[in-house]
Amino acid sequence: MTTPRADWDEYFMSVAKVVATRATCDRKHVGAVIVRDRTILSTGYNGSIQGLPHCDEVGHIMENGHCVATIHAEMNAVIQAARNGVRIEGSSIYITASPCWSCFKCLANAGIKQICYGEFYRDERTFAIAATLGIAMTLIPLAGQ
């Protein structure tokens with residue numbers, strides 16, 4: 001018996017889910033994949049600043065109920081693209097959780113045109129601003145959830 005072939009959205013969200021397994025903040029593992037023309041341009045997961053110990057090793061730095069030691073997955077994907085000279089304007093991003101307000105602003109200014117997310121995280125205002133800016137917000141439920 002053959003397994004049905006995943007469509008592109010399912011495929012890229014599945015990749016984001018695997019990328020999330022590299023996350024080093026045990027409060028929430030998040031993965032992100034930036035894609036243009038069905039080609040993966042960059043990936044990222046949430047973790048500490050490069051060269052510093054990770055939350056799952058030394059604990060969290062908590063402010064207002066959130067760990068501020070971590071750099072979010074989507075921000076790390078943008079940073080990885082920048083460090084490698086990869087143009088991401090006009091691309092889509094697949095994230096296992098919808099972006100926080102700060103990450104949303106970064107994605108908008110980076111020229112991301114579609115944000116696909118596996119589950120809603122916490123910031124409703126991204127939807128209204130995305131609509132104003134013409135950025136598509138697409139829920140693609142994570143497989144197995």
Take a 6.0 Å sphere around CG of D37 and say whether it holds more than 12 heavy atoms from other residues, nucleotides or ligands.
no

Is there side-chain contact between I95 and L107, with heavy atoms separated by less than 4.5 Å?
yes

Is T96 reaching over with its side chain to a backbone N or O of K17, donor-acceptor style, under 3.5 angstrom?
no

With distance as the sole test, does D7 use its side chain to make a donor-acceptor pair with the main-chain N or O of D9 at under 3.5 Å?
yes

According to the salt bridge (Lys or Arg N to Asp or Glu O under 4.0 Å) rule, which pairs have a member within residues 53-71, sequence neighbours left out?
none

Near R22 CZ, under 6.0 Å, is it more than 12 heavy atoms from other residues, nucleotides or ligands?
no

Give me the ring orientation class for W8 and Y11: parallel if the planes are under 30° apart, tilted from 30 to 60°, perpendicular past 60°.
perpendicular

Report the C-alpha distance between I129 and W101 in whole Å, list the side-chain angles of each, state the deciding distance to 0.1 Å, and finish with yes or no for side chain to side chain contact (heavy atoms under 4.5 Å, CB included).
CA-CA 10 Å; I129 301 300; W101 182 237; 3.7 Å; yes

Nearest heavy atoms of C106 and V78, plus distance in Å:
SG-CG1, 4.1 Å

Looking only at heavy atoms, what is the nearest atom pair of S98 and R122, with distance?
OG-N, 4.2 Å

Of all heavy-atom pairs linking E74 and C100, the shortest is OE2-N, 4.1 Å

For the CZ atom on R125, are there more than 12 heavy atoms of other groups (residues, nucleotides or ligands in this structure) within a distance under 6.0 Å?
yes

Residues C55, R27; criterion side chain to side chain contact (heavy atoms under 4.5 Å, CB included); working and verdict:
CA-CA 9 Å; C55 297; R27 290 179 44 89; over 6 Å; no

Membership question, hydrophobic clusters at under 4.5 Å side-chain separation (ILVMFWY): are L133 and I115 in the same one?
yes

Show, in sequence, the C-alpha distance, side-chain angles and deciding distance for T70 and V30, and conclude whether the side chain to side chain contact (heavy atoms under 4.5 Å, CB included) test is met.
CA-CA 11 Å; T70 59; V30 179; over 6 Å; no

Please report the C-alpha distance between F104 and D123 in whole Å, then the side-chain angles of each, then the deciding distance to 0.1 Å, and finally whether the side chain to side chain contact (heavy atoms under 4.5 Å, CB included) criterion is met.
CA-CA 9 Å; F104 173 80; D123 208 317; over 6 Å; no

Looking only at side-chain N and O atoms, does H60 offer a donor or acceptor that is under 3.5 Å from a partner on D26?
yes

Atom of V33, atom of F12 and distance for their closest heavy-atom approach
CG2-O, 4.2 Å

Do M13 and C116 have side chains that approach each other closer than 4.5 Å (heavy atoms only, starting at C-beta)?
yes

Treat each ILVMFWY residue as a node, draw an edge where side-chain heavy atoms are under 4.5 Å apart, and state whether L142 and V15 are in one component.
yes

Just wondering, are more than 12 heavy atoms of other shown residues or ligands nearer than 6.0 Å to CG in L139?
yes

Of all the heavy-atom pairs spanning V35 and L41, show the shortest one and how long it is.
C-CD1, 4.3 Å

Of all pairs that satisfy side-chain hydrogen bond (donor to acceptor under 3.5 Å, both in side chains), the ones with a partner from residues 106-116, not counting sequence neighbours
S92-Q114, Q114-T138

